[in-house]
Each structure stands twice: as structure tokens, then as C-alpha cells.
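Heads up, the thing below is written out as C-alpha cells.
Below, each value reflects all heavy atoms present in this structure, side chains not excepted, and no hydrogens, waters or symmetry copies. Chain naming here is simple, since letters A, B, ... match the order of the sequence lines and numbering starts at 1 in each.
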Amino acid sequence: MKQRLDEDTMAMRAAKELKDGDCANLGFGLPTLCALYVPEGIRFEAEAGILGYGPLVQANEAEKADWHYIDASGRFTRPAPGMACFDVVASFCMIRSGRLISIMGGFQVSEKGDLANWNTGSGMLGGTVGGAMDLANGAKKVIIMMQHTTKDGKPKIVKKCSYPITARECVDLIITDLAVIEVIPRKGLRLQEVAPGWTPKEIQALTEARLIIPKDVKEIEL
Amino acid sequence: MKQRLDEDTMAMRAAKELKDGDCANLGFGLPTLCALYVPEGIRFEAEAGILGYGPLVQANEAEKADWHYIDASGRFTRPAPGMACFDVVASFCMIRSGRLISIMGGFQVSEKGDLANWNTGSGMLGGTVGGAMDLANGAKKVIIMMQHTTKDGKPKIVKKCSYPITARECVDLIITDLAVIEVIPRKGLRLQEVAPGWTPKEIQALTEARLIIPKDVKEIEL
Amino acid sequence: MINKVFTSFDEAVADIPDGASIAAECWGYPATPQNLIAALKRKGAKDLTIITHTFIPMVYSEEDAALPSLLLPQMKKLITSIAGIMNLGAGAFLQEYVDKGLEIEIVGHGTLAARLQAGALGLGGIYDPIGLGTLLEEGKEKRVIKGREYLFQEPIKPDYAFIVAHKADKLGNLVFKGGYRGDQPAMAMAAKTTIVEADKIVEVGEIDPEHVVVPGAFVDRITEIPEDGYGTPEKGAKLIGLLTQISSVRDLLFGKVEQR
Amino acid sequence: MINKVFTSFDEAVADIPDGASIAAECWGYPATPQNLIAALKRKGAKDLTIITHTFIPMVYSEEDAALPSLLLPQMKKLITSIAGIMNLGAGAFLQEYVDKGLEIEIVGHGTLAARLQAGALGLGGIYDPIGLGTLLEEGKEKRVIKGREYLFQEPIKPDYAFIVAHKADKLGNLVFKGGYRGDQPAMAMAAKTTIVEADKIVEVGEIDPEHVVVPGAFVDRITEIPEDGYGTPEKGAKLIGLLTQISSVRDLLFGKVEQR
């Protein structure tokens with residue numbers, strides 16, 4: 001059976017979207033991994049008000065964990081040269097004004113680029129919005145990292161989100177364990193890259209939204 | 001002829017309104033003098049974003065003047081222990097939220113406590129508003145220090161301001177070279193103290209607005 | 001010099017009446033004014049409105065930490081951007097209180113910050129671009145300004161702010177450490193009365209004027225966290241040890257980057 | 001590392017087009033990004049909108065200082081809270097330009113700060129309590145919210161902010177000195193492009209993370225003020241000497257407290 005990309009490979013592919021000088025906010029879960037695979041010169045932002053924090057503290061060095069230095073997902077980081085601490089008002093000025101790249105997880109992305117990633121549908125208490133709506137609306141580029149399908153095999157890239165949305169027409173790029181898909185405003189979803197061994201047709205079969213499939217679809221490169 | 005209070009005496013009287021722990025913003029001109037006559041424990045604020053600056057630099061020590069440390073009137077001050085520097089947004093949060101006492105100059109105060117102190121009436125360019133409206137609306141207490149009459153003897157405490165106003169019903173206390181007058185909301189102006197040798201009747205004669213004159217009007221004490 | 005220093009947390013919160021609104025940070029676990037929260041629990045004021053960025057359930061004993069959720073039985077309303085962490089059971093732990101009448105207002109975090117900032121500036125309202133087309137637009141006035149749609153949002157002006165600072169001088173000038181600033185400067189500026197617990201209270205002059213984050217004019221009462229108080233480094237280390245024994249929390253704190 | 005450092009003020013402003021809006025502080029005399037202003041004058045971009053807290057007339061030669069008023073011949077619009085200091089002739093010096101079509105928008109200083117902050121947060125507008133019943137309410141929408149009246153105010157989002165900082169590290173993290181912060185953090189956050197002139201550019205790591213006032217993400221270009229530039233301590237001292245020879249200015253700077 002053909003393999004899907006593992007989480008680290010997805011993170012490596014997402015990390016490729018970040019260039020020297022970029023500032024990025026890495027969302028809860030999967031996106032956190034990107035911090036491990038970026039070149040020098042990228043700074044990460046945490047909503048609490050830290051830009052440019054250092055490497056994550058790993059489980060086997062828990063004694064180094066300091067609550068004062070946490071990333072956007074609440075994981076322990078470390079101070080680093082060039083870091084800046086600020087308050088949440090400044091943090092959301094940064095987030096809302098296109099100064100950051102946002103890499104977030106997703107429950108669903110629609111063919112228009114609507115994002116659902118905060119609420120599983122059981123009313124207001126069915127999720128945690130945090131800064132997700134600000135990032136989705138305000139980031140320079142919104143990259144969604146997620147599995148291509150749910151655990152029971154249902155498409156997560158859909159015609160219309162069935163979960164409550166985070167923001168309308170906000171997603172720029174979707175990176176899944178099967179493909180890289182670009183959202184073209186007012187046109188739809190353009191398949192850009194596929195996981196090794198997968199064909200565009202196979203990807204379309206696992207995608208509810210119709211994909212624009214150009215002739216030059218490549219294999220995902222890292 | 002009976003004397004009017006000189007500027008220093010007015011400043012001493014105004015300074016009496018400030019108590020240990022108070023933070024105050026001293027407006028352009030006359031109010032600046034209050035800084036010379038307050039006891040310890042009062043901190044002064046400048047809109048630029050300084051709280052608790054040190055003594056003013058005087059003309060005969062101009063070589064000590066440093067543009068980085070200026071008061072609300074743009075005069076040179078000095079750093080002092082316990083001082084805080086902040087930005088203008090924080091400064092106006094402070095000014096607008098009743099955390100400061102404002103001592104300002106005035107062109108006119110009306111019997112309702114309307115203040116005119118920013119514009120001499122020749123349109124928008126007829127004055128400099130700066131932070132005056134914020135202070136007038138937002139201060140814990142608004143104290144106006146001014147001469148009781150204009151240079152040509154006209155009353156400055158009037159029924160209705162003829163100059164464009166700074167804010168409506170904002171003044172709490174008026175300190176002039178003749179009297180101390182309290183603004184009682186929805187009642188009017190209550191004469192509280194008079195300059196030595198002056199009678200309430202004489203003060204009323206130089207005041208267009210009707211004064212409430214209680215039995216216990218005292219001489220101004222310092 | 002006027003005395004803002006309180007030696008007792010209980011005294012520092014003694015005047016908080018039933019029905020008061022209180023803003024308190026809760027970021028990570030100990031970026032929380034825990035000692036003041038515990039004192040308010042002891043006092044027992046009722047019908048409180050709590051404004052906090054995250055409302056984390058108590059997954060450990062009250063001896064180890066005191067988060068805003070400790071006040072649940074005393075609360076009438078909760079304004080928050082995170083009503084419980086999903087992986088820790090989402091908002092389920094709140095449902096019991098909602099059923100008993102607790103009102104919950106979910107607000108995006110940036111909007112929460114903007115509303116506190118609006119409160120601090122004395123504004124009557126703001127038009128915010130965030131939340132359009134989502135559950136959070138329900139009941140909000142919409143307005144198109146220069147071709148773009150916005151939602152009307154009310155300012156937040158809490159009666160009290162509980163603040164946890166790194167250092168406070170005796171005039172109330174505050175400095176923070178790392179990500180502990182969070183919403184706290186906006187909360188301190190927006191609140192009518194600001195009460196601080198600081199890792200350390202220092203003398204006037206010990207904080208460089210350029211390094212002050214919240215100027216003393218915004219601070220009314222200061223307390224110092226004692227050695228056996230909540231939020232000390234020792235308690236923090238102990239908590240991490242306890243939390244990493246809960247697998248779902250361990251996954252949150254270290255999971256994805258374990259053994260790489 | 002991406003290079004934000006420009007060695008020439010002219011290059012730092014080279015892309016500013018006709019019609020651009022520029023926020024620039026002008027507090028006291030040298031709390032002003034004078035070198036960038038002088039460069040913009042040399043460049044000669046037209047139809048500019050200048051946003052500044054104070055618009056002081058040039059009462060000395062261009063060799064000694066470069067204030068926003070230097071740009072008057074290039075301006076279409078001025079947004080300010082102080083259009084000239086009264087004692088220095090009030091707005092009279094502006095009238096000639098107004099007659100030639102310069103548009104002037106007077107805004108209270110707190111409202112200017114709130115509008116910049118609103119711009120930085122991406123808001124569509126704010127309801128501000130200041131200016132009611134005054135000349136400044138003219139043409140503004142009024143609204144009663146919870147029994148109190150407010151004026152609708154538009155956010156300000158300048159195309160460029162010119163910032164004068166004390167130190168900048170090469171990532172653009174900024175610190176200020178004394179009262180020079182002023183409106184500048186809000187301007188830097190609200191602007192699309194932020195250009196800084198700093199007393200000194202330092203290496204990454206030389207500014208303590210807790211002391212940063214404007215984080216580098218808000219800063220696009222950095223220049224260093226050279227020894228012969230505007231705004232150096234030497235030029236400041238010379239200016240004070242010159243200004244105290246003008247009696248009206250001397251009175252402003254020292255008058256009331258002289259010989260006491």
C-alpha cells in the first residue's frame with residue numbers, strides 16, 4: 001500500500017514555505033513540529049507576546065522547562081538572542097497586520113478557502129478559538145497542515161465546511177499527508193504537489209472539493 | 001489698591017490640592033509652576049509618556065537640558081527614581097481613566113463648568129488642542145488655574161463660554177488670582193475662598209456667572 | 001510615600017463585592033495571579049464575572065495551583081477565548097455550571113485584547129473585522145465601512161484586574177518575565193482597581209524607567225508572593241512533574257517533539 | 001540573516017511615492033525622525049499626508065533641524081493635534097498653505113493615539129468620548145451607547161512610519177529613551193512600512209528581550225544617525241543655545257520657572 005507522509009515529513013514540507021527574515025506563528029499540535037526543520041533566520045511568534053524564541057524543551061529535559069517561555073501551543077521554549085517580549089495587544093497588532101505567516105491545523109478547508117479549525121460543532125463550548133480567527137484573517141499567508149482525510153477516511157477538503165468556520169476565504173496553502181494544494185482566489189483549489197507514488201486522480205478521489213489539476217503536478221520535494 | 005495673588009501664590013494654592021500618592025498632569029504655562037511647590041510623594045505626568053519626572057531644568061542651567069526628558073509643556077526635566085517611560089497610548093489610557101489630576105490653564109469657564117482653553121476663536125487653526133480635551137474629559141479632578149479677568153478686565157468666569165469649548169461640564173475647581181471656586185454639578189459655582197482683603201461681593205462683580213456665596217467663605221490659605 | 005503594599009492577599013481582595021467583574025490572566029499554568037484567586041475563593045464573593053484568556057480546568061489539586069476555574073462556584077459569567085483545552089475534555093467540565101446558569105461569552109483572543117484596550121482608552125465600542133461569518137458574529141451589529149464588513153464589539157472595563165508580575169516597585173511600576181505579560185498590561189489599564197502579586201517587591205529606583213511595562217499610576221495594591229505561595233519556581237517545577245504524569249497533558253506539553 | 005540595515009537615508013525613503021501618507025513623531029524638537037524627513041524633502045515626493053502629534057514651525061535654519069514642517073510644500077494634507085505652538089504664532093504660518101489648498105485635520109492627541117492603535121489592530125472604526133460639543137465633533141457621526149454619547153472616529157493606517165529610536169538591533173527590535181517613545185510604537189504598528197533612524201544600531205542579542213519596546217516584526221528598514229546627522233546630542237545642545245536666544249521660545253522652555 002502506498003504510504004502517506006509522516007508528520008515530520010509534512011513539517012519539513014511546511015517549513016520550506018518559510019524564508020529568511022519571516023516571522024511565523026505555529027499553531028497547536030502538528031505545526032509545532034515545523035520549528036524543528038527551518039533554516040536559520042526564521043523567528044517564531046507566540047500570542048502571549050514572544051517573538052523569536054529559542055528551541056523547544058523536549059520531554060527528556062523537562063527539568064529545563066520554564067513556564068515563562070512558552071510557544072503558541074503552550075510548549076516550553078527557551079530565550080534566544082534577538083527575542084522580544086511584548087504584550088498581547090502588540091501581539092495581535094502583529095498577527096492581524098500581515099506581518100506573520102500562520103501555520104495552523106485544520107478540521108476542514110472548503111473549496112473557497114474557508115477554514116474550520118476551532119469547533120467540532122457542539123455549540124460554543126465545542127471548541128477553543130484562542131487566536132485562530134485573528135491568524136486566519138490577519139496573517140500574510142495562512143498555511144493549513146492536516147491529514148488529508150479523517151480517521152474514518154472522510155475528506156477534510158470539502159465543498160463547504162460542515163464544522164463551524166474560523167474565517168471565510170482565508171487559506172492560502174494546504175499541506176496534507178498526501179498533497180500540497182494552493183487556494184486560488186475565486187478559482188478554487190489547485191493541486192500543486194502529490195506524495196510520492198500517488199496520482200492526482202487518487203488524491204481527487206479522497207477530496208470532496210473539485211481540484212484543479214495542472215499538467216505539471218510534481219512529487220512533494222523537501 | 002488691593003493686591004491680586006501673584007503666579008507663585010496661585011501655584012502654591014493649587015499645589016495644596018495634590019496629596020501624597022497623587023499623579024498629576026500640569027498644563028502649559030502657569031500650572032507648570034505647581035511642580036515647585038508640592039510636597040514629596042506627588043508624581044507628574046507628561047503626555048509624551050513619562051510619569052514621575054524630576055525637577056525642572058532652570059534657565060541658568062540650560063547646559064543640563066536634555067530633550068529626552070520633557071514635561072507636559074515641553075520644558076526640560078530630569079530623570080528621577082521611580083520614573084516610568086511609556087508610550088502615548090498608555091499615556092492616554094492613564095489620562096482618560098481618572099488616574100490623574102489635571103491642572104490646566106483656561107480662557108473661560110462657564111457656570112456649568114464648561115471649559116474653553118484651546119482655541120481663541122479663529123477657526124480650527126485658532127488654537128492647539130493637544131491633550132487638553134482628553135484631560136478635561138478624563139481626569140479624576142480638573143483644576144483650572146487662570147487670572148480672574150482678561151488683561152482688559154473682562155470676566156473669564158462666564159455664563160456661557162464665547163470661545164470654542166474644550167469639554168462640557170468638566171471643571172471641578174477654579175483657582176484664580178482672586179478666588180477659589182468650586183463647580184457643584186447641576187447647581188453652579190460656589191465661592192470657596194477669596195484673596196486676602198477681597199470681599200465676596202467684589203469677586204462677584206468681576207465674575208459674569210452668578211456665584212453661590214456661602215456664609216463661611218474664607219481667605220485663601222496656603 | 002503612599003503605601004500600596006499589602007502583606008495579606010486576603011486584605012488585598014477584602015473589598016471585592018458580590019457581582020464584581022475581575023480580569024485575570026491564565027496563560028500556561030502559573031502565568032496566573034493564583035494567590036489572589038485563592039484569596040478571592042476564601043472570601044467567597046458571589047456572582048462574579050471572570051475575564052480571562054484561557055479557562056483551564058483544574059486537573060490537579062488546589063494545593064498545587066489555583067486557576068480561575070477554582071472560582072466556578074462563585075461565578076455568574078465567564079468571558080474567555082478558551083473555555084477549556086480541547087484535549088483535556090474541551091468545555092465538558094463547564095457544562096455542569098452552564099446547566100446551573102453560568103453565562104459564557106466566547107470571544108476571539110485578539111478581540112478580547114482589543115476590547116480591553118478599548119476599555120482602557122474609554123471608548124464606547126469598536127468595529128472589529130474578526131469573527132465575520134462565524135458563530136461569534138451571532139447577535140452582533142454588523143457594519144460596512146469603506147467596503148469592508150465589521151462587527152461591533154463592546155469595550156471591557158473590569159472592576160478589578162488581578163495581575164501577576166515579576167517585579168513591582170513600591171510605587172506600583174511593574175516588569176514581567178517572558179510570556180507573562182500577555183493580556184495583563186491591557187487588563188491593568190482597563191480595570192478600575194488593579195491588584196498585583198509580584199515575585200518580588202523592590203524599592204523605588206530599582207527598576208529602570210525605560211524597563212517599566214505597567215506604570216505605577218495603573219496599580220493600586222501590591223502583594224509579594226511568599227516562599228510557600230502559589231506560582232513560585234519550586235511549585236512550577238513540581239507541577240511540571242505532576243502534569244507530565246498525565247498522558248494527555250504530557251502530549252500537550254512535549255508530545256509532538258518527543259524523542260526527535 | 002535578512003538585511004534591514006540601510007546605509008543611506010535617501011535609499012531608505014527611495015520608494016515613497018507621491019500621495020503617500022507618513023506618520024512621524026515631532027515632540028519637543030529632536031524627538032523627530034529628522035534625517036528621514038530631510039531625505040524625503042530631497043526626494044521631493046508630492047501630495048503627502050503627514051500625521052504628526054505636533055507641527056512646529058521652523059523657527060531656525062534647516063541646517064540645525066528638520067521637522068515635518070519642512071515638508072509643507074510637498075503636502076496635501078496634515079493630520080495633527082497641534083498645528084503650531086500658539087506662542088510661536090499659532091497656526092498663522094500654515095494659513096498660506098491652507099490658502100493654496102492644504103487640508104488640515106485637527107484631532108485631539110488622545111484620539112490620534114486611539115486612531116493609530118485602531119489602525120494597528122485592523123479595526124474599522126472606534127467610538128470615542130472626546131470632543132463632544134466642541135469644534136472637533138463637526139461632521140462626525142454621533143452615537144449613544146449605554147446612555148453616553150460618542151463620536152465615530154476612523155482608524156489611521158499610514159503607508160509609512162518614520163521612527164526615531166535610541167537603539168535598534170539588526171532584527172529591528174527598538175528601544176527608546178525618555179519621552180521619545182511618544183506616538184511612535186503605535187505609528188510603527190499601524191504603518192504598512194516602518195523606517196527607523198536610530199542613535200545606534202547594535203548586534204542581535206544586545207537588547208534584552210524584556211526591554212524591547214517595538215518588536216522587530218514591525219520594523220522594515222533601519223538606518224543609523226551619523227555624527228553629522230540631525231538629532232545628535234551636539235546638535236541638540238546647539239539648538240537649545242539658539243532657541244534660548246528667541247525670547248518667545250525661551251519663555252516656553254524656561255520662562256515661568258526662571259530665577260526661582
Can you tell which of Val213(C), Ile126(C), Val175(C) has the highest number of heavy-atom pairs within less than 4.5 Å of chain D?
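Between Val213(C), Ile126(C), Val175(C), the count favours Ile126(C).
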Considering only heavy atoms and a distance below 4.5 Å, find which of Ala113(D), Gly110(D), Pro155(D), Gly122(D) pairs most often with chain C.
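Of the candidates given, the most pairs with chain C belong to Gly122(D).
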Heavy atoms only, distances under 4.5 angstrom: which of Leu123(D), Val144(D), Ile130(D) has the most pairs with chain C? Name it, please.
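Highest number of pairs under 4.5 Å: Leu123(D).
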Where do Leu132(C) and Leu151(C) land on the side chain to side chain contact (heavy atoms under 4.5 Å, CB included) test, with the steps shown first?
CA-CA 7 Å; Leu132(C) 281 159; Leu151(C) 298 175; 3.7 Å; yes
Shortest non-hydrogen contact from [X] toward [Y]:
{"X": "Val219(D)", "Y": "Gly172(D)", "answer": "CG2-O, 3.2 Å"}
{"X": "Ile145(C)", "Y": "Gly125(D)", "answer": "CD1-N, 4.3 Å"}
{"X": "Leu174(D)", "Y": "Ile163(D)", "answer": "CD1-CG2, 4.0 Å"}
{"X": "Pro68(C)", "Y": "Ile50(C)", "answer": "CB-CG2, 4.2 Å"}
{"X": "Ala165(C)", "Y": "Val196(C)", "answer": "CB-CG1, 4.1 Å"}

Evaluation steps, side chain to side chain contact (heavy atoms under 4.5 Å, CB included), between Ile195(C) and Phe9(C):
CA-CA 10 Å; Ile195(C) 311 176; Phe9(C) 298 111; over 6 Å; no
When you scan chain D against chain C, which donor-acceptor pairs turn up at less than 3.5 Å?
from      : atom 1 : to        : atom 2 : distance (Å)
Gly124(D) : N      : Tyr127(C) : O      : 2.8
Gly125(D) : O      : Tyr127(C) : N      : 3.0
Tyr127(D) : N      : Gly125(C) : O      : 2.9
Tyr127(D) : O      : Gly124(C) : N      : 2.8
Tyr127(D) : OH     : Tyr127(C) : OH     : 3.2
Tyr127(D) : OH     : Arg143(C) : NH1    : 3.0
Glu141(D) : OE1    : Arg143(C) : NH1    : 2.9
Glu141(D) : OE1    : Arg143(C) : NH2    : 2.6
Glu141(D) : OE2    : Arg143(C) : NH1    : 3.2
Arg143(D) : NH1    : Tyr127(C) : OH     : 2.9
Arg143(D) : NH1    : Glu141(C) : OE1    : 3.0
Arg143(D) : NH1    : Glu141(C) : OE2    : 3.2
Arg143(D) : NH2    : Glu141(C) : OE1    : 2.6
Lys146(D) : NZ     : Glu154(C) : OE1    : 3.2
Glu154(D) : OE1    : Lys146(C) : NZ     : 3.2
Gly178(D) : N      : Glu210(C) : OE2    : 2.5
Arg181(D) : NH2    : Glu210(C) : O      : 2.9
Glu210(D) : O      : Arg181(C) : NH2    : 2.9
Glu210(D) : OE2    : Gly178(C) : N      : 2.5
His211(D) : ND1    : His211(C) : NE2    : 3.2
His211(D) : NE2    : His211(C) : ND1    : 3.2

